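Everything numeric here is computed off the predicted structure, so don't read it as measured data.
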Amino acid sequence: MRANANGGHRSRRLWPTLTAALLSVAAVTYNDWLLQFLLPTGLDQRNSYVSEAFAADQPYRLLFSGVELATALLVMTGACLAASGAPRGWAAAGWGALGAFGVFSVADVLLPMRCAPSLETGCPTDSVWHTLTSGSVHFALFASMTAFALAARSNPDCPQIAGRWAPRLLPVSMAAAVCSAGPYLGHPGGEGIAQRIHLVTVAMWFWLLAAQVCRDHQYSGNRVARRPVPAPAGGSGTRPLKTSRPGRLPAARGRQVAPPQRLPQ
């Protein structure tokens, strides 16, 4: 029994650390566009989408696809671990949206662009399925930020790092995503810069969620430590002294106590 209890306590103490580590690593790997500075992809960072690196006809598509899939797996695992320990409400919805973010990211890799529009003249800018999956990724991300912002507002007493920063990070991330849609609106140019700014905001969001997990675990631990110990049933918890008969003092161990003598009248 004691071994099982100790094992359960260690697992409850381990999962926040593991979740924070998974999200922190995902924040780095999600910005795999930094590898384009080291590899001769031929893509212009200013005017190309990051997903062009794993287009179907690109030489490094296996590398970038593998990094994207690994990132999605890290996010889904971290979201599932965090959701299992989160209370019901907006926070649980935020973790659920983050898990959906990972699922849509997998679909985004499995349905890639057929070619790189910034490199090939005849390559179409939009691919219906890839555009749909990319839009779903953005929707899940913004839903996660919104849910944590609502969680912080509904429970102001609980320290909400991610929820406190979500209202500031959400408009920046959304504006960058909208600015990256220029080629779809007939105004190409600079979409690569806007998209990479958006990816940096996603990394910041993952780091905020990692800090949120650690803070939630610390907060719940402090609440348990401050919880008052209930008194035993039956009053103040002190046992009344038993006497052998009325009028006699309780007997001490090892010796008899004589009854009080009456003074002469």
Side-chain angles (χ1 to χ4, degrees), residues 15-34 49-51 67-87 89-109 133-155 158-181 192-219:
W15 76 260
T17 304
L18 178 60
T19 304
L22 293 174
L23 294 175
S24 298
V25 174
V28 178
T29 57
Y30 195 69
N31 285 268
D32 57 352
W33 56 272
L34 295 172
Y49 289 115
V50 175
S51 55
V67 174
E68 293 284 338
L69 290 175
T71 303
L73 182 61
L74 291 173
V75 172
M76 286 189 293
T77 306
C80 290
L81 289 175
S84 64
W90 286 115
W95 290 117
L98 189 69
F101 173 92
V103 174
F104 293 140
S105 297
V106 172
D108 199 46
V109 176
T133 55
S134 297
S136 300
V137 170
H138 286 85
F139 176 79
L141 172 69
F142 299 147
S144 175
M145 292 182 179
T146 303
F148 277 99
L150 293 174
R153 179 174 296 183
S154 61
N155 190 10
C158 181
Q160 297 277 350
I161 299 178
R164 188 173 67 249
W165 282 94
R168 308 172 189 177
L169 190 62
L170 176 59
V172 178
S173 183
M174 188 175 293
V178 171
C179 291
S180 67
I193 298 176
Q195 188 187 37
R196 284 155 178 80
I197 293 175
H198 168 73
L199 296 180
V200 172
T201 63
V202 177
M204 295 175 63
W205 180 240
F206 289 168
W207 282 325
L208 286 172
L209 290 176
Q212 178 71 49
V213 170
C214 296
R215 180 62 64 88
D216 286 346
H217 179 65
Q218 181 181 5
Y219 178 73

Novice: Look at the rings of Y30 and F101 and say which category their plane angle falls in: under 30° parallel, 30 to 60° tilted, over 60° perpendicular.
Specialist: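 Tilted: the ring planes of Y30 and F101 meet at 30° to 60°.
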Novice: Report yes or no: does Q212 contribute a side-chain atom to a donor-acceptor pair with the main-chain N or O of A162 at less than 3.5 Å?
Specialist: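 Yes; at least one donor-acceptor contact below 3.5 Å.
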Novice: Less than 4.5 Å apart, any side-chain heavy atom of L23 and any of L98?
Specialist: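 SC-SC contact between L23 and L98 confirmed.
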Novice: Please step through side chain to side chain contact (heavy atoms under 4.5 Å, CB included) for the pair L73 and T77, ending with a clear verdict.
Specialist: CA-CA 6 Å; L73 182 61; T77 306; 4.0 Å; yes
Novice: For the residue pair L22 and L81, establish whether any side-chain heavy-atom pair is separated by less than 4.5 Å.
Specialist: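 Contact flag for L22/L81 side chains = yes.
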Novice: Decide yes or no for L169 and L208: does some side-chain heavy atom of the first lie under 4.5 Å from some side-chain heavy atom of the second?
Specialist: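 They are in side-chain contact.
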Novice: Looking only at heavy atoms, which two atoms of A211 and I161 are closest? And how far apart?
Specialist: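 Residues A211 and I161, closest heavy atoms: O-CD1, 3.9 Å.
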Novice: Determine yes or no for a side-chain-to-main-chain donor-acceptor pair under 3.5 angstrom, with R196 supplying the side chain and G192 the backbone.
Specialist: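 Yes, because the side chain of R196 sits within donor-acceptor range (under 3.5 Å) of the backbone of G192.
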Novice: Before giving the answer on ring pair (Phe, Tyr, Trp, His ring centres under 6.0 Å), spell out for F148 and W165 the whole-Å C-alpha distance, their side-chain angles and the decisive distance to 0.1 Å.
Specialist: CA-CA 9 Å; F148 277 99; W165 282 94; over 10 Å; no
Novice: Do the non-hydrogen side-chain atoms of L150 and T146 ever get within less than 4.5 Å of each other?
Specialist: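 Touching, per the 4.5 Å side-chain cut-off.
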Novice: Okay, side chain of S173, backbone of L170: is any donor-acceptor separation there less than 3.5 Å?
Specialist: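 Side chain of S173 to backbone of L170: no pair is present.
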Novice: Please report the closest heavy-atom contact between A176 and I197, naming both atoms and the distance.
Specialist: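 Heavy atoms only, the tightest pair is CB-CG2, 4.1 Å.
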Novice: Please check if atom CH2 in W33 has more than 12 non-hydrogen atoms from other residues, nucleotides or ligands closer than 6.0 Å.
Specialist: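 Yes, enclosed.
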Novice: Are any side-chain N or O atoms of S180 and backbone N or O atoms of A177, one a donor and one an acceptor, separated by less than 3.5 Å?
Specialist: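 Side chain of S180 to backbone of A177, a donor-acceptor pair under 3.5 Å: yes, one is there.
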Novice: H198 versus M174: any side-chain heavy-atom pair under 4.5 Å?
Specialist: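 No; the side chains remain at least 4.5 Å from each other.
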Novice: Within a strict 4.5 Å, meaning less than it, do heavy atoms of the S105 and T71 side chains meet?
Specialist: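 No, every pair of side-chain atoms sits at 4.5 Å or beyond.
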Novice: Main chain of G94, side chain of S144: is a donor-acceptor contact present, judged purely on distance under 3.5 Å?
Specialist: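 Flag set: sc S144 to bb G94 pair under 3.5 Å.
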Novice: Mind listing the closest non-hydrogen atom pair of A83 and W95 along with its distance?
Specialist: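 So the minimum-distance heavy-atom pair works out to CB-CB, 3.8 Å.
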Novice: Once rounded to the nearest 0.5 Å, what's the spacing between atom CD of Q160 and atom OG of S154?
Specialist: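 That separation rounds to 7.5 Å.
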Novice: Minimum heavy-atom separation for S136 to F104, with atom names?
Specialist: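 The pair with the smallest heavy-atom distance is O-CD1, 3.4 Å.
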Novice: What distance do M204 atom CE and L209 atom CG have between them, rounded to the nearest 0.5 Å?
Specialist: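 Taking CE in M204 and CG in L209, the distance rounds to 12.0 Å.
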Novice: Can you name the nearest heavy-atom pair linking R164 to P167, along with the distance?
Specialist: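 Result for this residue pair: O-CD, 3.6 Å.
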Novice: Less than 4.5 Å apart, side chain to side chain, heavy atoms only: is that true for E68 and D32?
Specialist: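 Answer yes - side chains close enough.
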Novice: Which pair of non-hydrogen atoms, one from L141 and one from W205, has the smallest distance, and what is that distance?
Specialist: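 Reported closest heavy-atom pair: CD1-CD1, 3.8 Å.
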Novice: If we only count heavy atoms from C-beta on, is the F206 to V75 side-chain gap below 4.5 Å?
Specialist: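 Yes; the side chains approach each other to less than 4.5 Å.
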